[in-house]
Amino acid sequence: MTHTLPSLSRERLTAVLGAMQDVHVLVVGDMMLDRYLLGEADRISPEAPVPVVRIEREEDVPGGAANVAANVVALGGQAAVVGIVGDDPAAQVLVDTLRALEISTSGVLAVPGRPTTTKTRLVARGQQVVRIDREVTNPIPPEVRERLTAAAREAIAWADVLLLEDYDKGVFDAVLARTLVEAALAEGIPVVVDPKHRHFFAYHGVTVFKPNRRELEAALGAPLSGDDPDLIAARERLDVDNLLLTLGADGMALVGADGTVLRTPSIAREVFDVSGAGDTVTAWVGAALAAEATVAEAAWVANLAAAVEVGKRGTATVAVDEVVGLVD
């Protein structure tokens, strides 16, 4: 039976947001550097029918798993990230950016001969003209995976929640996924997964499994009607405690083990850019669970945070006062 996700009282919201300031969040997964080249375009090239963009400034921000960690810090928590970078200048930029945010990078490993995943967006007059991706998605070498696994297992002892960010860039395989899930659950901490298709069914037993609709349909090999029976069957097939399905403009659906489907209320906001909205949801759900909120409460505050994030340009973070501003 479908219900609307219950809202939090002002008192309870204040308590949850306050507790989120003290959490330790471990993020493991595919790290990226999001690079923005910003400028103006006022003529067409004589060489080809494309705009000539005069670059006025450049911005580098953490992307992927690194952006999730940045979101945790923005809401007031402490974050550590475990993942890989290449042996190129982009790696140093990314690591320096994370350290400036006081995010622990002791679990970030450099892989010789492999580029740091970098997404370069050319933006003219506020409009994205083109995106250039530099990446290698083949699996990381076994010796690197062993070191990565050891670093993650060590950090789990520090963490209040484990977030697994799988973007199909080579960090995860089924063995690593199961190893980390089992290690975290053995420590009694919740696990939140943002999956991609290669290892979609390797995360059984996790606390929250958070795909978007397109990803879930691709993994199941069939379109979703969006009706309750479809969503309940999907959660059962995935064998996870809670399925949190992001539905774009339609918000999110939370499917619990008891068969209840809770849908987020619509929040009327201007959508400027959806880049990084999923990362924001993962960070806020994870931090709220680490603060001992219920899954429904975590989904509710994450829905508010996502509404703020899509109103910003590019890969962005969300602060607590911005979420509070939505309910004032």
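All of these numbers come straight from a predicted model, not from anything done at the bench. We number each residue from 1, following the sequence as shown. Keep in mind that the numbers below use all heavy atoms, side chains included, and drop hydrogens, waters and symmetry copies.
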Got a sec: does the CD of E102 have more than 12 other heavy atoms crowding it under 6.0 Å?
->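 Count not over threshold, so no.
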Heavy-atom count around R213 CZ within 6.0 Å, excluding the residue itself: above 12?
->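 It does: R213 CZ has more than 12 such atoms within range.
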Do the charged groups of [X] and [Y] touch, with an N to O distance under 4.0 Å?
X    : Y    : value
R237 : D239 : no
D166 : R198 : no
R145 : D173 : yes
E182 : R178 : yes

Taking all non-hydrogen atoms of both residues, which atom of [X] and which atom of [Y] are closest, and how far apart?
X    : Y    : result
L231 : A253 : CD1-CB, 4.1 Å
P190 : L289 : CG-CB, 4.1 Å
V301 : A288 : CG2-CB, 4.1 Å
A234 : L216 : CB-CD2, 4.2 Å
D30  : K169 : OD1-CB, 3.2 Å
V53  : A41  : CG2-CB, 4.1 Å

Within-4.5 Å side-chain heavy-atom neighbours: [X] and [Y]:
X    : Y    : answer
V72  : Q78  : no
I44  : V50  : no
L164 : L180 : yes
L33  : T117 : no
K119 : R35  : no
Y36  : R57  : no
D321 : V323 : no
L26  : V161 : no

Set of residues satisfying side-chain hydrogen bond (donor to acceptor under 3.5 Å, both in side chains) with respect to D258, sequence neighbours excluded |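 With neighbours one apart ignored, the set is T260.
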Passes side-chain hydrogen bond (donor to acceptor under 3.5 Å, both in side chains), N212 versus T246? Steps please.
-> CA-CA 5 Å; N212 61 39; T246 56; 5.1 Å; no
Separation between [atom1] of [X] and [atom2] of [Y], rounded to the nearest 0.5 Å:
X    : Y    : atom1 : atom2 : result
L244 : K210 : CG    : NZ    : 7.0 Å
L262 : L5   : CG    : CG    : 5.5 Å
S7   : L304 : OG    : CG    : 9.5 Å
H199 : L176 : NE2   : CG    : 9.0 Å
I84  : R147 : CD1   : CZ    : 11.0 Å
L75  : T317 : CG    : OG1   : 9.0 Å

Is a side-chain N or O of [X] found less than 3.5 angstrom from the main chain of [Y], in a donor-acceptor match?
X    : Y    : value
T97  : P62  : no
E322 : A319 : yes
R121 : D34  : no
T118 : T116 : yes

Have N71 and T280 got a donor and an acceptor in their side chains that come within less than 3.5 Å?
->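 Yes - a donor-acceptor pair under 3.5 Å links their side chains.
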Intermediate values then yes/no, salt bridge (charged side-chain N to carboxylate O under 4.0 Å, His left out), K196 and E215 = CA-CA 7 Å; K196 286 295 183 288; E215 291 165 342; 2.8 Å; yes
Establish, yes or no, whether a centroid distance under 6.0 Å links the rings of F201 and F209.
->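 Between F209 and F201, which both carry aromatic rings, the centre distance is not below 6.0 Å.
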Determine, stepwise, if the pair R235 / D241 fulfils salt bridge (charged side-chain N to carboxylate O under 4.0 Å, His left out).
-> CA-CA 8 Å; R235 189 206 65 81; D241 288 354; 5.9 Å; no
Apply salt bridge (Lys or Arg N to Asp or Glu O under 4.0 Å) to R54 and list each qualifying residue two or more places apart in sequence or on a separate chain.
->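 Once residues adjacent in sequence are excluded, the partners of R54 under the salt bridge (Lys or Arg N to Asp or Glu O under 4.0 Å) criterion are D42, E56.
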For D230, all residues meeting side chain to side chain contact (heavy atoms under 4.5 Å, CB included), sequence neighbours excluded =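 For D230, the residues satisfying side chain to side chain contact (heavy atoms under 4.5 Å, CB included) (neighbours in sequence not counted) are L224, S225.
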